[in-house]
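The chain is numbered in sequence order, starting from 1. Quick note: numbers below take in every heavy atom, side chains included, and nothing from hydrogens, waters or symmetry partners.
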Amino acid sequence: YEAMTVKRRCHGRNKKGRGHVNRVRCVSTGKAIPKDKAIKRFIVRNIVEASALRDIREASCIEGYQLPKIYIKQFYSIEAAIHQRIVRVRSRELRRSREPPQRNRP
């Protein structure tokens with residue numbers, strides 16, 4: 001008897017001996033997906049967009065006031081992340097690479 005071919009070494013999850021993992025909701029579709037299988041993105045944004053930022057700074061009475069940021073952790077299902085191009089489909093050779101993608105910081 002031969003073992004079945006495996007597409008991914010981790011079977012698309014990050015569970016490793018846990019047995020069961022709680023589910024989270026996809027931001028895009030609302031689908032319940034295992035937390036270790038979800039594609040996670042941590043977003044740090046200004047509460048106010050850049051166009052209104054200058055107006056608020058001029059109207060503020062406190063000099064050098066730093067506006068608070070908004071911190072969101074988003075979970076995407078695989079199909080939603082591929083559809084929105086958050087992650088891309090990789091070839092068989094590139095699927096083997098374990099290194100994280102290049103980060104482009106502004």
Side-chain angles (χ1 to χ4, degrees):
Y1 134 89
E2 285 186 38
M4 279 181 63
T5 55
V6 174
K7 196 170 186 179
R8 284 174 193 84
R9 156 184 166 171
C10 63
H11 305 288
R13 302 183 64 149
N14 191 16
K15 193 163 62 74
K16 302 296 177 264
R18 259 184 274 283
H20 182 263
V21 178
N22 287 332
R23 290 174 176 260
V24 291
R25 290 288 178 168
C26 172
V27 174
S28 175
T29 59
K31 185 176 180 179
I33 39 174
K35 189 176 182 179
D36 61 329
K37 189 172 190 169
I39 280 128
K40 303 160 209 52
R41 292 291 178 264
F42 192 72
I43 293 176
V44 180
R45 255 195 343 232
N46 285 323
I47 288 179
V48 183
E49 63 270 0
S51 57
L53 198 64
R54 209 182 89 225
D55 300 336
I56 291 173
R57 281 225 177 94
E58 288 171 2
S60 175
C61 60
I62 303 165
E63 284 298 316
Y65 177 70
Q66 193 71 34
L67 275 168
K69 291 185 182 303
I70 194 163
Y71 301 93
I72 312 166
K73 183 151 190 189
Q74 295 184 327
F75 299 99
Y76 292 93
S77 63
I78 303 288
E79 47 268 40
I82 290 171
H83 180 71
Q84 294 175 14
R85 298 201 179 101
I86 293 161
V87 290
R88 300 278 167 103
V89 176
R90 296 192 290 173
S91 68
R92 187 176 286 178
E93 290 79 40
L94 288 175
R95 241 182 264 146
R96 302 272 170 256
S97 81
R98 310 267 299 162
E99 62 191 38
Q102 292 287 315
R103 292 181 70 173
N104 48 351
R105 295 196 139 205

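Considering CG of Leu67 and NZ of Lys69, their distance stands at 9.0 Å, rounded to 0.5 Å. A distance of 7.0 Å separates NE2 of His11 from NZ of Lys16, quoted to the nearest 0.5 Å. Note that CZ of Arg57 is 11.0 Å distant from CD of Glu63, once rounded to the nearest 0.5 Å. Interatomic distance, CD of Glu58 versus CG of Leu53, reported as 10.5 Å (0.5 Å rounding). Taken from CZ in Arg23 to NZ in Lys31, the straight-line distance is 9.0 Å, to the nearest 0.5 Å. Here Arg98 contributes atom CZ and Cys10 contributes atom SG; the two are 6.5 Å apart, rounded to the nearest 0.5 Å.
Here the closest non-hydrogen pair linking Ala80 and Cys26 is CB-SG, 3.9 Å. The shortest heavy-atom contact between Ala81 and Ile39 is CB-CD1, 3.9 Å. Heavy-atom minimum distance, Asn46 versus Ile70: O-CG2, 4.3 Å. In terms of heavy atoms, Arg18 sits closest to Asn14 at NH2-O, 3.4 Å. Here the shortest heavy-atom pairing between Arg25 and Ala32 reads NH1-N, 4.0 Å. Contact between Ser97 and Arg90 at its shortest, heavy atoms only, is OG-NH1, 3.5 Å.
Panel note: side chain Lys40, backbone Ala38; a donor-acceptor pair is recorded below 3.5 Å.
The hydrophobic cluster containing Val27 does not contain Ile72, counting ILVMFWY residues as joined when their side-chain heavy atoms lie under 4.5 angstrom apart, directly or transitively. Note on Ile43 and Phe75: separate hydrophobic clusters, where clusters join Ile, Leu, Val, Met, Phe, Trp and Tyr whose side-chain heavy atoms are under 4.5 Å apart, directly or indirectly.
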Would you please test Gln74 and Tyr76 for side-chain hydrogen bond (donor to acceptor under 3.5 Å, both in side chains) and show each step?
CA-CA 7 Å; Gln74 295 184 327; Tyr76 292 93; 2.9 Å; yes

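With a 4.5 Å cut-off on side-chain heavy atoms, Arg96 and Arg9 do not count as touching. The shortest side-chain heavy-atom distance between Arg95 and Lys7 falls under the 4.5 Å cut-off. Between Lys35 and Asn22, the closest side-chain pair of non-hydrogen atoms is not below 4.5 Å.
Salt bridge Lys15/Asp36: absent, no basic N to carboxylate O contact under 4.0 Å.
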